[in-house]
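The next block holds one structure in the form of structure tokens; read it before the comments.
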Amino acid sequence: MAVENFKEITDYFETNKDSEDVKNYVGGLISPDRVESFLSTDDGKKLLQPKLDKNFNKGLDSWKTNNLQKLIDDAVAKANPQETAEQKQIRELTERINKSEKEKAHETLRNKALKMATDKKLPSELVDYFIGADEETTTKNLESLENVLNTKVNDLAEERLKGGYKPPKNTNTNLTAEEQAKAEINKIFGIK
């Protein structure tokens, strides 16, 4: 029965919407103070927020379309100012000079490292792997290589000599001790 009454009321307001009585009645229900008070409640905020978000997003999209690219271009131009032809040429020449100096310094380090490796009887094939940023680093790297190789050689020598040295039996009794030693040395080195 309540639905029927509601329907009757809405029909009445719809048919008589232009009547002065209906306008006065509805005008008394809706006032700016009442609307503002309703919009301050949680229900009012729930009703209003999607509309505000929609309008804000529309405004933001319009702003992006009209202004964002210009701001990006300005920031890029500020970070990377346009070079004149002369400035570009100077920058390229500076880069070439710096590259040339680095190559020259590297070659100087390499030559010093090769000399040092030769003096210390280290394998020159490994020198390029031990060149550092400066002479001091390169020297330390080569010294480390020398220490590692010397340790390894000593370990191998000790391992071979573990069983002790057994001199060969004297098969030629007509030779003196000195001649026998020379013969043994020549035999070891493959000299006849």
As an exercise, state the distance from [atom1] of [X] to [atom2] of [Y], rounded to the nearest 0.5 Å.
| X | Y | atom1 | atom2 | value |
| --- | --- | --- | --- | --- |
| K112 | I131 | NZ | CD1 | 12.0 Å |
| D53 | L60 | CG | CG | 11.5 Å |
| K64 | N57 | NZ | CG | 8.5 Å |
| M116 | L109 | CE | CG | 9.5 Å |
| N111 | E107 | CG | CD | 5.0 Å |
| D134 | K140 | CG | NZ | 8.5 Å |

Between V153 and L145, is there a shared hydrophobic cluster once you connect ILVMFWY residues whose side-chain heavy atoms come closer than 4.5 Å?
no
Neighbour count above 12 (heavy atom, 6.0 Å) for [X] [atom1]:
| X | atom1 | result |
| --- | --- | --- |
| E36 | CD | no |
| Q87 | CD | yes |
| E135 | CD | no |

Say whether, by atom type as modelled, one donor and one acceptor occur between the side chain of [X] and the main chain of [Y] under 3.5 angstrom.
| X | Y | answer |
| --- | --- | --- |
| T138 | G132 | yes |
| S100 | R96 | no |
| T137 | A133 | no |
| T118 | L114 | yes |

Which pair of heavy atoms, one from [X] and one from [Y], lies closest together, and at what distance?
| X | Y | result |
| --- | --- | --- |
| L122 | L149 | CD2-CD1, 3.8 Å |
| K45 | P50 | O-CD, 4.4 Å |
| F130 | L142 | CB-CD2, 4.0 Å |
| V127 | R110 | CG1-O, 4.3 Å |

In terms of side-chain geometry, is the basic nitrogen of [X] or [Y] positioned less than 4.0 Å from the acidic oxygen of its partner?
| X | Y | answer |
| --- | --- | --- |
| R91 | E95 | yes |
| K115 | D119 | yes |
| D42 | K46 | no |

Taking it one step at a time, do D74 and K78 satisfy salt bridge (charged side-chain N to carboxylate O under 4.0 Å, His left out)?
CA-CA 6 Å; D74 290 347; K78 185 177 179 182; over 6 Å; no
Answer yes or no: is there a side-chain heavy-atom contact under 4.5 Å between E143 and K120?
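Result yes, sub-4.5 Å side-chain heavy-atom pair found.
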Validation row: E101, N98 side chains within 4.5 angstrom (heavy atoms):
yes
